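What follows is a short report on a single structure.
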Amino acid sequence: MFDFMDMGYDEPAESLRSGPYIPEASECMRCGMCVSSCPTFRLFQIDEETPRRRIRTISKILVENQPISKEERMHLDNCLQCRACETVCPSWMLYGQLFDQAQTRLKAEPGWLAKLAFSLIENKRWRMWLMPLLAVYLKSGLQKPLRRTGLLKKLHLADAEALLDKPALQALADFYPASAPKRGRIALFTGCIAEHFDRDTLLAAIKLLNAIGYEVLALSQQGCCGAIHQHNGQSAAGLIDNNIRAFNGLDVDAVLHTATGCGAMLSEYQSSDGEAAELFRQRLFDITEFLLKHWPDKLQLLPSSLKIAVHEPCSQRNVLKNQQAVYALLQKIPGLSISALADNQTCCGAGGSYMLTHPANAGQLQALKQEAINASLADVVVSGNFGCAVFLSTGSNKVEHPLLILARQLPV
Ligand code: SF4
Ligand code: SF4
């Protein structure tokens, strides 16, 4: 049923938060205020691709215990889990949680490739074993002939392979001492894939923290945040409990994350040990917020005349809601020109594993974002989420983490 909603796509209104809090899927008012915020509605312009229709499907699964049709399943799976709909719902519906619960109930049996990917994400030893092989492959010149065989396409690996850069092979050190008078000690969340493919960002984070007087621990017992598992109907409980146990055992002032996608997941950790999860969440901060709060007045960065456009990942805008910290932190660089990328409210299409599972939809959203990037005339586009940065990087135009820009301007 399509009620009174206008089919046009408008910039979503600011969050209204005026209605009663209704966490149950069955209690959605079907008011339609979430429709225009949804990127899949923007692509398809049909009611089946709106949050409220998905909530209807979720209600069938979770509340009415009814089977859903193939079409309903397809439209549900088309969701990017960007959670833009949550920010405009007047009744505070927790769409992200409801979606994850529905996926768990549907219990999708992953194929062998997905199983392999889940195992690699979970198992640090396997990754350390695989990375040298991957590095040899990426250096060998075998990429082009292998692509020509079409094998990668057949295995649904072509998109993943095209995104790969050279991985870091060595593990991070356990401890990085402060390079200024010591003010405290923090633990850094290093992630799973990002630990190998976004090493530069992690090293920039360590350099900045050391420069403002913080020792950094890069705990080897930590693991994947669990987001990919949770959003794909798999249990993330083991990964969550492992991280809570590992970080809660440390004597640190804070646990910091550098990728907003992981940060969004970590900030919502729940566990059978509620107190332990609460302690974990209390000490968890986004690194940009932490650096901004603890930046010493006397630390002056070198000037730069670069023009920077800021991409705001959905995990930052819609879950962490701290994107202003990025702009404020970048303003520490004298002379920098900083602006928001147009259309920041629309998901770039990366969506965790979405860019691999739904390449056509993801590609359309990516193209819209590229238009905004081109129109910005920026020298550099920054994004606080590794997945978005990789997905939006093209050839020589690499989308970078804002920490890289900051670390380069540290006085030597
Ligand atoms: S999810 Fe919220 S905004 Fe969307 S139709 Fe339901 S009550 Fe309205
Ligand atoms: S999470 Fe994003 S893609 Fe999914 S229904 Fe909400 S707005 Fe649409």
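Values below: all heavy atoms of this structure, side chains included; hydrogens, waters and symmetry mates excluded. Keep in mind it's a predicted model, so treat the numbers as computed, not measured. For ligands, and for the atoms within them, numbers begin at 1 and follow the listed sequence.
Of all atoms in ligand 1, listed by their number and element, those nearer than 4.0 Å to a heavy atom of G32 are 5 (S), 8 (Fe). For ligand 1 and I55, the ligand atoms under 4.0 Å from any heavy atom of the residue are 1 (S). Close approach of ligand 1 to R52 (heavy-atom distance below 4.0 Å) involves ligand atoms 5 (S). Residue P90 approaches ligand 1 through these ligand atoms, each under 4.0 Å from one of its heavy atoms: 3 (S). Within ligand 1, the atoms closer than 4.0 Å to a non-hydrogen atom of R30 are 5 (S), 6 (Fe), numbered from 1 in the order shown. Heavy-atom contacts of M29 reach the following atoms of ligand 1: 6 (Fe), 7 (S) (cutoff under 4.0 Å).
When each of F247, F280, F189 is checked for a ring pair (Phe, Tyr, Trp, His ring centres under 6.0 Å) with Y269, only F280 meets the rule.
Applying the 6.0 Å contact sphere to CD of Q66 captures more than 12 heavy atoms from other residues, nucleotides or ligands. Summarising the local packing, CG of D251 is surrounded by 12 or fewer heavy atoms from other residues, nucleotides or ligands at distances under 6.0 Å.
Ring centroids of H231 and Y354 are separated by 6.0 Å or more, keeping the two rings apart.
Contacts between V35 and ligand 1, counted as non-hydrogen atom pairs separated by less than 4.0 Å, are absent for every part of the residue. With a heavy-atom cut-off of 4.0 Å, S91 does not touch ligand 1 at all.
Side-chain contact check for N242 and Q222: no donor-acceptor pair (N or O, by modelled atom type) lies under 3.5 Å.
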* Test salt bridge (Lys or Arg N to Asp or Glu O under 4.0 Å) on R56 and E27 and set out the steps. => CA-CA 9 Å; R56 175 74 199 100; E27 292 178 75; over 6 Å; no
* Asked: I287 and L208: side-chain contact (heavy atoms from CB on, under 4.5 Å), yes or no, with the steps?
  -> CA-CA 10 Å; I287 190 161; L208 287 159; over 6 Å; no
* Asked: Can R245 and D241 be said to form a salt bridge (Lys or Arg N to Asp or Glu O under 4.0 Å), step by step?
  -> CA-CA 6 Å; R245 206 171 32 245; D241 287 341; 5.8 Å; no
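Here C28 fails the criterion, with no N, O or S atom under 2.8 Å of atom 8 (Fe) of ligand 1.
A salt bridge does not link K321 with E312: none of the charged nitrogens is closer than 4.0 Å to a carboxylate oxygen.
Protein N/O/S atoms closer than 2.8 Å to atom 6 (Fe) of ligand 2: C85 SG.
The main-chain N or O of G233 is never found under 3.5 Å from a side-chain atom of R105 such that the two would form a donor-acceptor pair.
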